K.L.:
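The structure that follows is given in the form of structure tokens.
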Amino acid sequence: MTSFSNQDIADVLNKVAIVYQLQNENRFKIIAYQQAAEVVSTCTQSIYDLWKEGNMQDINGIGTTIANHLQEYFTNKESSYFWKTIAQVPQSVFLLVNIPGIGPKRAYKLVTHLHLDNPTTALADLQTAIENNEMSQMEGFGEKSQQQLLENLELYTKQSSAEKRMILPFAQKVAHQLLQYLTLHPQVIQCEPLGSLRRHIETIGDIDIVLVADEKYFSTIIDYIAVYPSCLRVDNKGSKKISIIVAPHIRVDIRLTTLKTYGTMLQYFTGSKMHNIRLREYAQKKNLSLSEYGITDKKTGIQHTFEKEELLYSFLKLEYISPLLREGTDEITRAQEHTLPTLVSLKDIRGDLHVHSNFPIQTSHDVGANSFTTLLNKAKQLGYTYIGFTEHNPRSKESANQVISLLQKRRLQAQRELTNTPITYFLGLEVDIRPDGTLALYDEAIEQLDYVIVSIHSSFRMDQKSATARVLKALSYPKVRIFGHPTGRKIGERDGLSLDWKQIFPLCRKRNIALEINAWPQRLDLPDVLVRQAIQAGVRCIINTDTHALIDMDNMHYGITVAQRGWCEKKNIVNTLPENEFRRWILNK
DNA sequence: GCCGTTTTCGGCCCGACTGTTTTCAGTCG
Ligand SMILES: Nc1nc2c(ncn2[C@H]2C[C@H](O)[C@@H](COP(=O)(O)OP(=O)(O)OP(=O)(O)O)O2)c(=O)[nH]1
Ligand SMILES: [Mg+2]
Ligand SMILES: [Mg+2]
Ligand SMILES: [Zn+2]
């Protein structure tokens with residue numbers, strides 16, 4: 001049986017958009033296809049499954065035409081309209097458009113003039129053709145174009161094997177280093193990372209930075225940026241912005257602004273793109289035109305400038321929208337109604353319930369590096385009032401009696417070590433969910449615990465139906481209070497399980513089980529979009545660091561931003577509860 | 001092609017940078 005992943009479908013829609021661009025189709029039609037592709041690729045449900053259930057058009061951006069064409073593509077792929085449309089163009093075109101600076105028109109020109117017919121060798125063939133100077137008589141490609149293309153092509157082939165977005169902490173580090181260089185310049189008043197960095201997206205495509213200075217210094221500052229020591233290449237350089245490449249896969253966009261227009265520039269360059277478009281459309285309806293330079297009254301032509309973002313939003317009669325909510329969903333409507341959530345914040349957190357100590361638990365997984373005392377002191381230092389120790393379950397060859405005695409020993413050791421402490425501690429375990437949904441811990445051993453985190457560490461290749469059954473079974477065990485890193489994804493490494501949340505959420509709600517927001521930067525699991533769906537379904541979350549070494553406990557803020565991007569208020573997060581209420585929840589009393 | 005808290009028709013964000021363009025198309029943010 002064939003299946004179509006969301007990425008497959010998005011690729012098809014993008015290719016159709018490319019063909020339409022070559023055919024000079026209506027530009028709004030092209031945008032509609034690009035928009036549909038974007039929506040499909042970021043959708044948390046399988047579009048193919050939605051189609052099978054007859055609900056594909058519930059997706060905003062997929063209307064009757066695209067839905068019908070997709071239906072045909074699903075059922076009769078090779079005779080479908082989309083298939084034939086895509087086949088109208090040499091397939092190498094779809095490869096070349098991935099090179100920066102090359103869009104559909106230029107890609108098509110290159111493929112046809114240079115006969116890059118074989119898609120598997122097209123990139124290499126292109127390089128040879130440029131080097132052999134075969135491009136010189138091509139219209140629209142002068143000396144400079146050729147040189148640029150060659151450089152971009154080289155960088156692209158270097159990175160395309162590892163074509164990856166950066167994980168957040170790495171991007172933050174790169175940005176920080178550059179900011180240090182930028183602030184050294186005496187005329188630079190201020191600079192700040194914007195774009196996806198300011199919105200705290202889990203992965204970062206490029207580094208976007210705004211820089212404030214007096215306009216008369218713009219050009220000297222731009223020259224200064226161009227000689228940044230780790231700059232491999234200047235991609236473009238004008239009077240208001242410069243883009244540099246600092247590693248084959250790392251691009252930096254820098255926008256310069258004056259203090260007077262700082263607020264509007266901040267708004268523009270923070271994005272997201274969809275949020276910007278929605279906000280600009282909203283302004284249009286008020287007969288206003290919004291750009292990074294200000295808000296222009298279209299009737300009078302008067303432009304209002306804003307030093308502060310807050311004033312811009314309030315000028316538009318909107319509640320201030322946190323950057324973490326600016327994804328172009330329904331935040332503008334909610335800002336109009338003044339019903340945006342009061343987002344949970346780091347200072348609301350009172351405990352960390354997924355911490356691995358170095359107690360020798362005889363597990364096949366990793367043990368923690370630190371003692372109960374060290375970890376508890378760190379919790380105290382972070383201002384927490386409770387902590388939960390959750391080593392991995394002991395390996396399967398240990399007998400029930402051995403496991404029970406290990407757990408008793410652990411409790412005794414904790415009691416001995418942690419006397420007279422102002423912090424409450426709970427003793428749990430992180431228990432594997434086996435492929436059949438049973439837990440990797442004896443029932444009698446569960447009785448020794450205050451609580452159980454269940455989580456999946458292996459066997460991720462499972463269809464949605466069996467994966468969901470697996471999880472539902474695990475969540476039905478006694479003392480299960482937390483579903484740890486629920487999808488099991490590792491960013492940049494593997495996708496998580498595909499689960500039917502319509503079944504998982506209600507069970508969590510009924511049993512009052514919290515979904516973990518795992519704050520480990522490579523996990524950030526539950527992902528933000530699903531967090532929002534979870535709390536809308538009445539499920540609470542818990543933000544944990546999954547600490548294995550002391551310093552990991554400082555990762556809590558990564559989980560907080562996921563919760564914020566998932567529209568969480570304090571009440572949606574159980575580890576914001578005061579100790580007495582939290583105790584009742586975790587002990588299920 | 002999509003969409004609707006005044007619309008099922010008539011709109012659809014707005015601007016920077018590059019090249020060989022003498023007035024704008026292509027690409028990107
Ligand atoms: N108004 C408007 N703004 C845009 C458009 N494209 C990008 N922007 C703004 C909003 C983006 O957040 C910001 C930076 O662009 P990027 O392409 O770097 O996107 P962003 O950083 O959001 O995501 P990324 O992680 O880089 O993929 O520029 C656009 O088409 N229109
Ligand atoms: Mg970016
Ligand atoms: Mg960018
Ligand atoms: Zn763990």
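Sequence lines set the chain letters: A, B, ... in the order given, protein chains first and strands last, and positions in each chain run from 1. Being a predicted model, the structure only gives us computed values, none of them experimental.
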K.L.:
Between A:K240 and A:Q57, who's closer to the 5' end of DNA chain B by nearest nucleotide?
P.N.:
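Result: A:Q57.
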
K.L.:
Looking at every strand, decide which applies to A:S239 at a 4.0 Å heavy-atom threshold: base, sugar-phosphate, or nothing.
P.N.:
sugar-phosphate

K.L.:
Work out how far the C1' atom of B:dT18 is from that of B:dC9, and round it to whole angstrom.
P.N.:
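These two C1' atoms come out 38 Å apart once rounded.
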
K.L.:
For the P atoms, the ones on B:dC13 and on B:dC3, what distance do you get once it is rounded to whole angstrom?
P.N.:
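Rounded to whole Å, the distance is 14 Å.
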
K.L.:
Looking at every strand, decide which applies to A:G61 at a 4.0 Å heavy-atom threshold: base, sugar-phosphate, or nothing.
P.N.:
sugar-phosphate

K.L.:
Could you give the distance separating B:dG26 and B:dT21 at their C1' atoms, to the nearest angstrom?
P.N.:
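The same atom, C1', in both gives a distance of 11 Å.
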
K.L.:
Please enumerate all residues that pass side chain to side chain donor-acceptor pair (under 3.5 Å) together with A:E310, with sequence neighbours excluded.
P.N.:
none

K.L.:
What is the pairing partner of B:dT8, taking Watson-Crick or G-U wobble pairs with both distances under 3.5 Å in any strand?
P.N.:
none

K.L.:
Please identify each residue that fulfils side chain to side chain donor-acceptor pair (under 3.5 Å) with A:N132, with sequence neighbours left out.
P.N.:
none

K.L.:
Check this for me, if you would: do A:R255 and A:D253 make a salt bridge, where the nitrogen-to-carboxylate-oxygen distance has to be below 4.0 angstrom?
P.N.:
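Salt bridge absent between A:R255 and A:D253.
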
K.L.:
Can you give the first and last nucleotides of DNA chain B, 5' to 3', that have an atom under 4.0 Å from a heavy atom of chain A?
P.N.:
B:dG1 to B:dG29

K.L.:
What's A:I31 touching, base or sugar-phosphate or nothing? Going by heavy atoms closer than 4.0 Å.
P.N.:
nothing

K.L.:
Provide the distance between the two P atoms, one in B:dA16 and one in B:dG10, to the nearest whole Å.
P.N.:
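Going atom to atom, P in each nucleotide, I get 32 Å.
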
K.L.:
Taking the C1' atom in each of B:dT6 and B:dG1, what is the distance between them to the nearest angstrom?
P.N.:
24 Å

K.L.:
Looking for any heavy atom pair under 4.0 Å, which part of the strands does A:I30 touch: base, sugar-phosphate only, or nothing?
P.N.:
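Nothing, no nucleic acid heavy atom in range.
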
K.L.:
Just checking A:L279: base, sugar-phosphate only, or nothing, at a heavy-atom cut-off of under 4.0 Å?
P.N.:
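Answer is nothing: A:L279 stays at 4.0 Å or more from every strand.
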
K.L.:
P atom, B:dG15 versus B:dG4: distance in rounded Å?
P.N.:
26 Å

K.L.:
Using a cut-off of 4.0 Å on non-hydrogen atoms, how would the nucleic acid contact of A:S289 be classed: base, sugar-phosphate, or nothing?
P.N.:
sugar-phosphate

K.L.:
What pairs with A:D330 under side-chain contact (heavy atoms from CB on, under 4.5 Å), at least two apart in sequence or on another chain?
P.N.:
A:R334, A:R532, A:W567

K.L.:
Contact class for A:N236 vs. all strands (heavy atom < 4.0 Å): base, sugar-phosphate, or nothing?
P.N.:
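Sugar-phosphate contact only - A:N236 comes under 4.0 Å of backbone atoms but never of a base.
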
K.L.:
Please collect all ring-ring contact (aromatic ring centres under 6.0 Å, His included) contacts where either partner lies in residues 212-239 of chain A, sequence neighbours excluded, each pair once.
P.N.:
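Passing the test, one end in residues 212-239 of chain A: A:Y181-A:Y224, A:Y181-A:Y228, A:H185-A:Y224.
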
K.L.:
Describe the nucleic acid contact of A:R27 in one word from base, sugar-phosphate, nothing, applying a heavy-atom distance below 4.0 Å.
P.N.:
nothing

K.L.:
Does any pair with a residue in residues 259-286 of chain A pass salt bridge (charged side-chain N to carboxylate O under 4.0 Å, His left out), and if so which ones, sequence neighbours excluded?
P.N.:
A:R280-A:E292

K.L.:
Find which nucleotide of DNA chain B each of A:Y33 and A:G101 is nearest to by heavy atoms, and output the residue with the more 5' nucleotide.
P.N.:
A:Y33

K.L.:
For A:E25, answer base if it contacts any base atom (sugar-phosphate contacts may also be present), sugar-phosphate if it contacts only those atoms, and nothing otherwise; contact means non-hydrogen atoms under 4.0 Å.
P.N.:
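Counting heavy atoms under 4.0 Å across all strands, no contact is made by A:E25.
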
K.L.:
Before accepting this row, confirm whether a basic side-chain N of the pair A:E327/A:R565 lies closer than 4.0 Å to the acidic partner's carboxylate O.
P.N.:
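Here A:E327 pairs with A:R565 in a salt bridge, since their nearest N and O are under 4.0 Å apart.
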
K.L.:
Looking only at atom C1', what distance separates B:dC12 and B:dT22, rounded to whole Å?
P.N.:
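The answer is 31 Å between these two C1' atoms.
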
K.L.:
What is the nucleic acid contact for A:I277, judged by heavy atoms within less than 4.0 Å: base, sugar-phosphate only, or nothing?
P.N.:
base

K.L.:
Is there a salt bridge (Lys or Arg N to Asp or Glu O under 4.0 Å) between A:D297 and A:K299? Walk through the geometry before answering.
P.N.:
CA-CA 5 Å; A:D297 186 319; A:K299 205 156 114 203; over 6 Å; no

K.L.:
Between B:dC14 and B:dT20, how far apart are the P atoms? Round to whole Å, please.
P.N.:
30 Å

K.L.:
For A:Q284, answer base if it contacts any base atom (sugar-phosphate contacts may also be present), sugar-phosphate if it contacts only those atoms, and nothing otherwise; contact means non-hydrogen atoms under 4.0 Å.
P.N.:
sugar-phosphate

